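Shown next, in C-alpha cells, is the structure this report addresses.
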Number of protein chains: 4
Amino acid sequence: MARQRPVSPRKEPSQRRSRELVDLIVKATTRVLLKHGYEGCTTNRVAEVAGVSIGSVYQYFPNKDALVVRVMERHQEKLLGVMTEHLASLKDASLEEAVKTLVHAMLDAHRIEPKLHRVLREQVPRIGALKALHEQHSAYEPLVTAWLDAHREALPVADPAVATWVLIAAVDGVLGRVLVDRPGWLEQQQLARELERLIVAYLRGART
Amino acid sequence: MARQRPVSPRKEPSQRRSRELVDLIVKATTRVLLKHGYEGCTTNRVAEVAGVSIGSVYQYFPNKDALVVRVMERHQEKLLGVMTEHLASLKDASLEEAVKTLVHAMLDAHRIEPKLHRVLREQVPRIGALKALHEQHSAYEPLVTAWLDAHREALPVADPAVATWVLIAAVDGVLGRVLVDRPGWLEQQQLARELERLIVAYLRGART
Amino acid sequence: MARQRPVSPRKEPSQRRSRELVDLIVKATTRVLLKHGYEGCTTNRVAEVAGVSIGSVYQYFPNKDALVVRVMERHQEKLLGVMTEHLASLKDASLEEAVKTLVHAMLDAHRIEPKLHRVLREQVPRIGALKALHEQHSAYEPLVTAWLDAHREALPVADPAVATWVLIAAVDGVLGRVLVDRPGWLEQQQLARELERLIVAYLRGART
Amino acid sequence: MARQRPVSPRKEPSQRRSRELVDLIVKATTRVLLKHGYEGCTTNRVAEVAGVSIGSVYQYFPNKDALVVRVMERHQEKLLGVMTEHLASLKDASLEEAVKTLVHAMLDAHRIEPKLHRVLREQVPRIGALKALHEQHSAYEPLVTAWLDAHREALPVADPAVATWVLIAAVDGVLGRVLVDRPGWLEQQQLARELERLIVAYLRGART
DNA sequence: GATGAATGAGTTTTCATTCAT
DNA sequence: CATGAATGAAAACTCATTCAT
C-alpha cells in the first residue's frame with residue numbers, strides 16, 4: 001500500500017527566523033488543507049500561500065506528508081491541552097460530575113477548529129496516520145482509567161482500561177460523525193445530554 | 001475543496017456483455033484498491049488488471065472516482081443485505097434479544113470483507129457530494145428507529161431517531177476503531193458483550 | 001554510487017505508428033546529446049525536439065538513461081555492422097593483410113558518427129554503461145582470436161585471447177584519444193600506418 | 001555543449017587557516033566523489049562532510065566543478081610525481097630498461113588510488129575547457145620523447161613525439177580498460193610483460 | 001463499441017548559488 | 001571572514017483523460 005516515508009522534520013529550526021518560517025509554512029499548510037483538501041494541498045501551493053520559496057519548505061520538511069503530519073500534531077497538541085485542563089478536576093468528582101466533565105472536555109476539544117478537525121479526520125487516514133490520530137486519546141486515557149479504578153467498588157466495571165477504551169471510542173465515534181454529518185449539533189445541548197446518558201448508563205451498567 | 005464531478009454510471013450497460021465488462025472493472029478496482037490503496041488505484045492499473053482497455057473503462061465510468069464509488073456501493077449493498085437480514089427478526093424481539101441482534105448484525109457486517117472495509121474507511125477520501133454514500137447506516141436506521149418507536153413506552157427514549165443515530169454512531173465508532181487498532185477483537189466474545197451492555201444501558205437509560 | 005535503474009524499454013512499440021515514434025525519440029535524443037551533452041539532455045528537451053509529448057517519451061522509456069542507452073545501442077549496432085563486414089575477409093589473409101583489415105575496420109567504425117561516438121564515450125561512463133561500451137568489441141573479438149589461433153605457429157603468441165584483448169584495448173584506446181584530442185588525425189594516413197606498425201610488431205613480437 | 005565556467009580558485013588562500021580549509025574541502029570532495037559518484041557529489045554534501053559551511057566552500061571555489069577539478073589536479077600531481085620519479089632514470093637506459101621503467105611507472109601510477117582514478121575517468125564528465133587537464137600525460141611525455149630522440153639512430157622512429165603519443169595512448173588505453181574490466185590484472189606479472197612486449201616491438205618496429 | 005497510443009498539465013523534489021547576518 | 005538560511009529555476013516523472021483508428 002506504499003506510503004511510509006520519513007515524516008520527521010528535516011532540520012530543527014534553530015534560529016528565531018527559521019522558527020517563524022516553519023510556523024508560517026505550517027499555517028499555510030493548514031489554510032491550504034482547509035481550502036483544497038489533501039489532494040489539492042500541493043507543496044507549491046503551500047509555499048505560495050506561505051509567501052515562501054518552495055526550497056524553504058523542503059529545507060524543513062522532507063516531503064509533502066510531513067507537512068500534513070505536522071499540522072496534525074499541532075492540532076493534537078491543542079486538543080490535548082484542552083482535554084487535560086478539563087480533566088485535571090476529575091480526581092474527586094462524583095460520577096455525574098465526572099461524566100459531565102468528560103463530555104464537556106471532549107466537546108470543547110472538538111470545538112477548537114472543527115473544520116480543520118474534520119479535514120484531518122477525513123484526509124489523514126490516507127497517509128497512514130490513523131493510528132496516530134487514535135493515539136491522541138492515549139494521552140489522557142490514563143486519567144479516566146484512574147478515576148474508574150478509584151470508583152471500582154461502586155461501579156460494575158470489570159476492566160477499567162477496557163471500559164475507558166470503549167467509552168472513548170464510542171464518544172469519539174459519535175463526535176467524529178457529528179463533525180462530518182451534523183456539524184450544527186456541536187452546539188446543541190441535547191448532544192451533550194445524550195452523551196452523558198450514554199456514559200453514565202454504560203458505567204452504572206446493567207449486566208445483560 | 002475541489003472535487004465535484006459526475007459519479008453516476010455514464011450509461012446503463014444494456015447488453016449482457018457490457019454488464020460483464022462493468023463487473024470485471026469493478027472487481028479489478030477492488031483488487032487494486034486492496035493492493036495499492038486509493039492513491040495507487042490508477043485508472044490505467046485498473047484497466048490492466050481487468051484485462052480491459054482503458055478506453056473501455058471510460059466507456060462506462062466518467063472518471064476515476066466513479067470507479068471507487070461503485071466499489072463502495074457494492075460493498076454497502078452487501079453490508080445492507082447482512083444488516084437487513086439480521087434485523088428482519090427485530091420486530092417482536094425483547095430488548096435483550098433486539099440488542100443482541102443489532103450487535104450481532106453490526107459485527108457480522110464488519111466481517112464481510114474487513115480489509116476492503118478498512119481500506120474504504122481509511123483510504124478513500126470523502127469523494128465529492130458523496131457524503132450520502134458514507135452514511136451507510138441510513139438504510140437500516142429506520143428499522144431500528146421503528147423498533148424503538150414501538151417500544152417507546154417501556155424505554156425512556158425521548159426521540160427514537162436521535163437515539164438510533166447516537167447508538168449506531170457509537171457502535172460504529174467502536175467497530176471502526178477495532179478494525180484499525182484491534183483487529184483481533186472482532187472475534188472476541190467480550191467485544192460483543194461490552195457493546196450489548198453499552199446499548200442496553202443507554203436504552204434502559206438512567207437519566208443523569 | 002546509486003544509479004542502476006531499469007533501462008530496458010517499457011513497452012514494445014507494436015504498431016507502425018509507435019515504431020516511428022520511438023525512432024523519432026531516439027533520433028531527437030541523439031541530436032540533443034550532441035548539442036547539449038549528457039547533462040543538458042533532459043527528457044523535456046528531447047520530447048520538445050522530437051515534437052512529441054513528454055508523456056509519449058515515458059510511454060516507451062522508463063527513464064532518462066534508457067534513452068541514452070538506446071542511442072548507444074543503436075550506434076553500436078552500426079559499428080558492429082561495419083566491423084563484421086570488414087572482418088569477414090579476414091580468414092585467409094596474410095599477417096599484413098589481416099592487420100590492414102583490422103585497422104581499416106576500426107578506423108572506419110570510428111568514422112561513422114565521430115561526434116556522437118565522442119559524446120557517448122565521454123558521457124556514457126556516468127550511467128554505468130562503460131562495460132557495455134567495452135563489450136561492443138566482444139562481438140568481433142572471436143573473429144580476431146580465431147585468426148590468431150590459426151596462425152599460431154608463425155607467431156610468438158602465447159594466448160590468442162589475451163593478445164586480442166590487449167590489441168583491441170590498445171588500438172581502441174588510441175582511437176578514443178584521437179577522437180577526443182586529435183579529431184583531425186582520423187583522416188591522416190599516418191595514424192593508420194602507426195597502428196599497423198603497432199599491431200604487426202606486437203604480433204611478430206620480440207620477446208623482451 | 002553548455003558548461004564553460006571559471007574553474008580556477010577564487011582566491012589564493014594566503015593564511016594558514018585558509019589553506020587548511022581548502023585542504024579539508026578537497027579531501028571531502030574526494031570522499032564524496034568516491035562514495036556517491038559525480039552526480040551525487042553535491043556542494044552541500046561536500047560542505048557537510050568537510051564539516052564546513054557551504055558559504056566557506058564558495059569562498060574558495062567559484063562553483064561545483066572547480067571542486068572536482070581541484071581533486072583531479074591533486075590526483076594528477078601525485079601521478080606526475082610517481083611518473084617523473086620513475087622516469088628520472090630514463091636518460092641513459094637501454095631500450096629494454098627504458099621500457100621496463102616506463103611500464104613500471106605507468107602501472108605504479110595506476111596503483112596510487114585506483115578507485116579514485118576510476119571514478120575520475122568514468123564519472124567525471126569532460127568539464128568545460130578542461131581537455132588540457134585530461135591530458136594528464138602531457139607533463140611527462142617530453143621525458144619519453146627526449147629519450148626517443150636521443151636514441152633516434154638506433155630506432156626506426158620517424159617522429160618521436162608522435163611515437164610517444166601513440167605509445168602512451170595505447171598503454172593508457174589498456175590500463176584504463178584493465179581498471180574497469182579486469183581490476184585484478186593490475187597486480188599480474190603477465191600484464192606488465194605484455195605491455196613491455198607491445199612497446200619494445202613497436203619501437204624496434206618492423207615497418208609494414 | 002472497443003482499443004490503446006498519445007497527451008500534457010501538474011507534482012514532487014533537488015541542488016547550485018547568493019547574501020544578510 | 002564565516003555562516004547557513006533562503007532561494008527558485010529546472011528536472012524527472014505520473015496519470016486522468018481524449019480521440020483517431
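None of the values given here were measured: they were computed from a predicted structure. Order of the sequence lines fixes the chain letters, A, B, ..., with proteins taken first and strands second; residue numbering starts at 1 for each chain.
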Identify which nucleotide among [options] has an atom closest to any side-chain atom of [X], counting heavy atoms from C-beta outward.
| X | options | value |
| --- | --- | --- |
| A:Lys64 | F:dT7, E:dA16, E:dT13 | E:dT13 |
| B:Leu21 | E:dA2, E:dA5, F:dA6 | E:dA2 |
| B:Tyr60 | E:dA2, F:dA2, F:dA11 | E:dA2 |

Quick one: stems for DNA chain F, with Watson-Crick or G-U pairs under 3.5 Å, at least three in a row?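 Expected stems, ordered by start: E:2-21 with F:2-21.
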Rounded distance (Å) that lies between atom [atom2] of [N] and atom [atom1] of [X]:
| X | N | atom1 | atom2 | result |
| --- | --- | --- | --- | --- |
| C:Asp65 | F:dA11 | CG | P | 15 Å |
| D:Asn63 | E:dT18 | CG | P | 9 Å |
| D:Tyr38 | E:dC15 | OH | P | 12 Å |
| D:Ile25 | F:dA2 | CD1 | P | 9 Å |
| B:His36 | F:dT14 | NE2 | P | 14 Å |
| A:Arg19 | F:dG4 | CZ | C1' | 16 Å |
| C:Phe61 | E:dA6 | CZ | C1' | 15 Å |
| C:Glu20 | E:dA5 | CD | P | 14 Å |

Test side-chain hydrogen bond (donor to acceptor under 3.5 Å, both in side chains) applied to A:Lys115 - qualifying residues, sequence neighbours left out: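 Residues passing side-chain hydrogen bond (donor to acceptor under 3.5 Å, both in side chains) with A:Lys115: none at all.
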Report yes or no: is there a donor-acceptor pair, N or O only, under 3.5 Å between the side chain of C:Asn44 and the base of F:dA10?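 Per atom types, no contact qualifies.
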State, to 0.1 Å, how close D:Leu24 and D:Ala50 come at their nearest heavy-atom pair, and which atoms those are.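 Of all heavy-atom pairs spanning D:Leu24 and D:Ala50, the closest is CD2-O, 3.5 Å.
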Where do A:Leu120 and A:Met72 come nearest, in terms of heavy atoms and distance?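 Shortest heavy-atom separation between A:Leu120 and A:Met72 comes out as CD1-CA, 4.0 Å.
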Would you say B:Val71 and B:Leu116 make side-chain contact, with heavy atoms under 4.5 Å?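 The answer is yes, as the side chains (C-beta and beyond) meet within the 4.5 Å cut-off.
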Does any non-hydrogen side-chain atom of D:Val26 lie less than 4.5 Å from one of D:Phe61?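 A side-chain contact exists here, since the closest heavy-atom pair is under 4.5 Å.
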So, is the end of the C:Lys64 side chain (NZ or CZ) under 6.0 Å from the ring centre of C:Tyr58 and within 45° of the ring's axis?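 Checked: cation-pi criterion not met.
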Note: [X]-[Y] ion pair, threshold 4.0 Å (strictly below):
| X | Y | result |
| --- | --- | --- |
| D:Asp23 | D:Lys27 | yes |
| C:Glu73 | C:Arg70 | yes |
| B:Glu48 | B:Arg45 | no |

Would you say D:Tyr58 reaches E:dT17's phosphate, i.e. side-chain N/O to OP1/OP2 under 4.0 Å?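 It does, given that an N or O in the side chain of D:Tyr58 lies less than 4.0 Å from OP1 or OP2 of E:dT17.
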Hey, is the side chain of B:Gln59 poking within less than 4.0 Å of OP1 or OP2 on E:dG1, counting only N and O atoms?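 It does, given that an N or O in the side chain of B:Gln59 lies less than 4.0 Å from OP1 or OP2 of E:dG1.
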Check each residue of residues 47-57 of chain D for a non-hydrogen atom within less than 4.0 Å of any atom in DNA chain F, then write out the ones that pass by number, or none.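 The stretch gives D:Ser53, D:Ile54, D:Gly55, D:Ser56 as the residues lying under 4.0 Å from the strand, ordered by number.
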Using a 4.0 Å heavy-atom cut-off across all strands, classify B:Thr43 as base, sugar-phosphate, or nothing.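 The answer is base, as B:Thr43 lies within the cut-off (heavy atoms under 4.0 Å) of a base atom.
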Please confirm whether the backbone N or O of D:Val52 pairs with a side-chain atom of D:Ser56, one donor and one acceptor, at under 3.5 Å?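 Answer holds: no.
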